[in-house]
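Worksheet: one structure, shown below.
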2 protein chains.
Amino acid sequence: MSSRGVRHDSMRARNLAVVLATIHRSGPHTRAALAERTGLTKTTVSSLVADLIEAGVVTESGAVRGGERGRPGVAVSLSGHRVAALGLEINIDYLAACVVDLTREVRLRRVRPADNRNSDPARILEGLRDLVKEVTAEAEADGLRLAGAALAVPGTVEGGVLRSAPHLGWRDVRVADLVDPPFAIDNEANLAALGELWFGSRQPDFLYVSGEIGIGAGLVVEGTVFRGTFGLAGELGHVVVVPDGPVCRCGGRGCLEVYAGQDALLGELASVGELVARLESGDGRAVRACERAGHALGVALTSAVHLLDPGEIVLGGIFAPLFRWLEGPVSEGLRARLGQMRGAPPALAVSGTGGDAAVLGAAGLIIQQILAEPARLLDL
Amino acid sequence: MSSRGVRHDSMRARNLAVVLATIHRSGPHTRAALAERTGLTKTTVSSLVADLIEAGVVTESGAVRGGERGRPGVAVSLSGHRVAALGLEINIDYLAACVVDLTREVRLRRVRPADNRNSDPARILEGLRDLVKEVTAEAEADGLRLAGAALAVPGTVEGGVLRSAPHLGWRDVRVADLVDPPFAIDNEANLAALGELWFGSRQPDFLYVSGEIGIGAGLVVEGTVFRGTFGLAGELGHVVVVPDGPVCRCGGRGCLEVYAGQDALLGELASVGELVARLESGDGRAVRACERAGHALGVALTSAVHLLDPGEIVLGGIFAPLFRWLEGPVSEGLRARLGQMRGAPPALAVSGTGGDAAVLGAAGLIIQQILAEPARLLDL
DNA sequence: GGATTATGTACAGATTATGGACTAAAGCGA
DNA sequence: TCGCTTTAGTCCATAATCTGTACATAATCC
């Protein structure tokens, strides 16, 4: 609980957010419908909507007839023409950026291939800065105002500081400070979960499992990402599957990653595409690797379901193209192990976003912030 | 996000809560100090404090000199004399109740031994109703007004309905409806975690591990219990320790409970006291059982730390008296398995509450509600 | 075209916080 | 002891915001 008292302007800020959230959640509304939904009076809603229009987050979008009789209302809907969010991602082999407007339309996408393994943070951040400049200029030329930016990184983040990104070879990098204006940073898996929420037409409760070189997970409960105490929650890749199994790069033993990480799945194959090809041709070794991974995932997800209680489980990253082969072993494992503890195990689904859930989710985080505090756009 | 607009009275309700929370968190304050802390004006604070005094949640408690000079202020502190909360618990072999006032003073405790295994819900609830009547009468004779009640049950709770309590033999019991006024219900482990927060002088971030016949856990993040999507989070007892281990009563295999549940620990011994005695005398079998349990706990907690990211781990219930013998294996397991993933594993601590963390936590839940919405006390 | 119905705005009134003036109560210094 | 300074708490006029009623507007129904 914030310990600051609230004043008149906080009340208005809150009401602006309530009206905007209603439009966002349930589509265009007339002012009258908004008044009914929010419990505010028509007068107040009119005044709030006027402010939201001025802030550029909503527009009037034509007449609607409510019942059969009476004066038709004017629909107020989210506006995609003024305000947008910038999503960024640093990953092992690329930098990516995207611009998403308030209607969730992806307005711009940029991917720059790069080899960032064991790289120098300063050099990569220089490249990121360039990318930001380029994309910002293009967005502004499009008439968009970028209300904020967020960055996805393949590592653990604590209070805006990148603590450890083993594959990049980075430790304790204060990424946010190096770019102006400073932006939000979060773990790839957390943001991919948000990406799934915003762009994969998901229900607001699920566990997104991100298969990359490592395996991460982001839990979304009631539309927000659960981060734990230090922001380190969701490290599904190191859940114990076999207590005295092979040593993992984390120092533990028998972690999920050992059985279902990219390296374990691909073996000597060069890419996921190749693995899929082998699977389709019924190659025994590939099928066995996939079954082993599915089995391990079933075990780890059983623990995860007991501890996190997700509404649904979504497989993303490299698990998405492999879903056909993973689904069976994973869901059987869950069903058998969860037993009578719950009615039925959470449903298993494929990720609805393409490979770029994380960048999109980064933009989604900013959109979430805008929707939560539209008043900030008015102060500037 | 609630979708209801806020009005003047919500603003005031919020400010009442802010002032009260400040006093609760940081002890007695003068009105001037409250004004500074909350950012409200002295005028507003005076008016809010007047309401809080009327509601009976705070009192003036003597003069305090702030600096060296100037008129001394009047300290405003929590009042334990009017408002209190009722905590209740149904467990395998007893019914319990307690009354706790706003200063966290336990004003009343009642435990009624009973054999509730495989019992008839209606009969037990009858007994609970009697207990409530008795305790309510005593509290009222003491001048206390019970602002609400909450009930801890050894089972899973979903939206006020007790879904499944295997040891009681209950399924789908609508407990809340059967008592008037209806009260909040939650899982024993979740409420024990709150009990630990309120009465064990804990930091606001920890995972409370409740060793009873089953093993549960309640995660507290920033002072609130994490419940997951359906309120089923924290089922530590069924986290997988050995994927093809012995069958557990839940239907799974190799669950933590199989290795560290009460039955596994006690073997043929009749009570935890007896086990402690054996351990103290160095009985080999007892020591080995304890080591095995500690090892299994280390494995399950490793998964829990990766997924939940708790600030600290608190062992309660039957694990509390066994802490001396469990601490070593558990913390070694955590240290070895967590490896380089985090700076250091979360600290391991014993529960600070006695055996009745759950009842106390039930009362704590209500106190939390009062502190969050003091305005409700004024409306009546 | 007039009655009916629903939308959206205008204006007075209510609620609550603010800010400066004022009163109260203590110590300090002469 | 008296006045000065300092801090606490209250009073009152003002400002921000929401409410509620009245009203103008725009559609359908007959």
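Throughout, protein chains are lettered first and strands after them, A, B, ... in sequence-line order, and every chain is numbered starting at 1.
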[X] [atom1] to [N] [atom2]: how many Å, rounded?
{"X": "A:K42", "N": "C:dT5", "atom1": "NZ", "atom2": "C1'", "answer": "11 Å"}
{"X": "B:R7", "N": "C:dA17", "atom1": "CZ", "atom2": "P", "answer": "15 Å"}
{"X": "A:R12", "N": "D:dT17", "atom1": "CZ", "atom2": "C1'", "answer": "7 Å"}
{"X": "B:D9", "N": "D:dT17", "atom1": "CG", "atom2": "P", "answer": "17 Å"}
{"X": "B:L48", "N": "C:dT15", "atom1": "CG", "atom2": "P", "answer": "16 Å"}
{"X": "B:R14", "N": "D:dT17", "atom1": "CZ", "atom2": "C1'", "answer": "18 Å"}

Touch class at under 4.0 angstrom, heavy-atom based, for A:T30 against every strand present: sugar-phosphate
Touch class at under 4.0 angstrom, heavy-atom based, for A:V74 against every strand present: sugar-phosphate
C:dA17 phosphate, OP1 or OP2, under 4.0 Å from B:N15 side-chain N/O: yes
Short side-chain N/O contact from B:T41 to OP1 or OP2 of C:dG19, under 4.0 Å: no
With distance as the sole criterion, do the side chain of [X] and the base of [N] form a donor-acceptor contact below 3.5 Å?
{"X": "B:R71", "N": "C:dA26", "value": "no"}
{"X": "B:R69", "N": "C:dA26", "value": "no"}
{"X": "A:T43", "N": "C:dG8", "value": "no"}
{"X": "B:S47", "N": "C:dA17", "value": "no"}
{"X": "B:H8", "N": "C:dT15", "value": "yes"}

Any donor-acceptor N/O pair, A:R104 side chain to A:W198 backbone, under 3.5 Å: yes
Salt-bridge present (B:R31, B:E60; N to O < 4.0 Å): yes
Interatomic distance, B:I370 atom CD1 to B:L20 atom CG [nearest 0.5 angstrom]: 9.5 Å
With A:F206 via ring-ring contact (aromatic ring centres under 6.0 Å, His included) - residues at least two apart: none
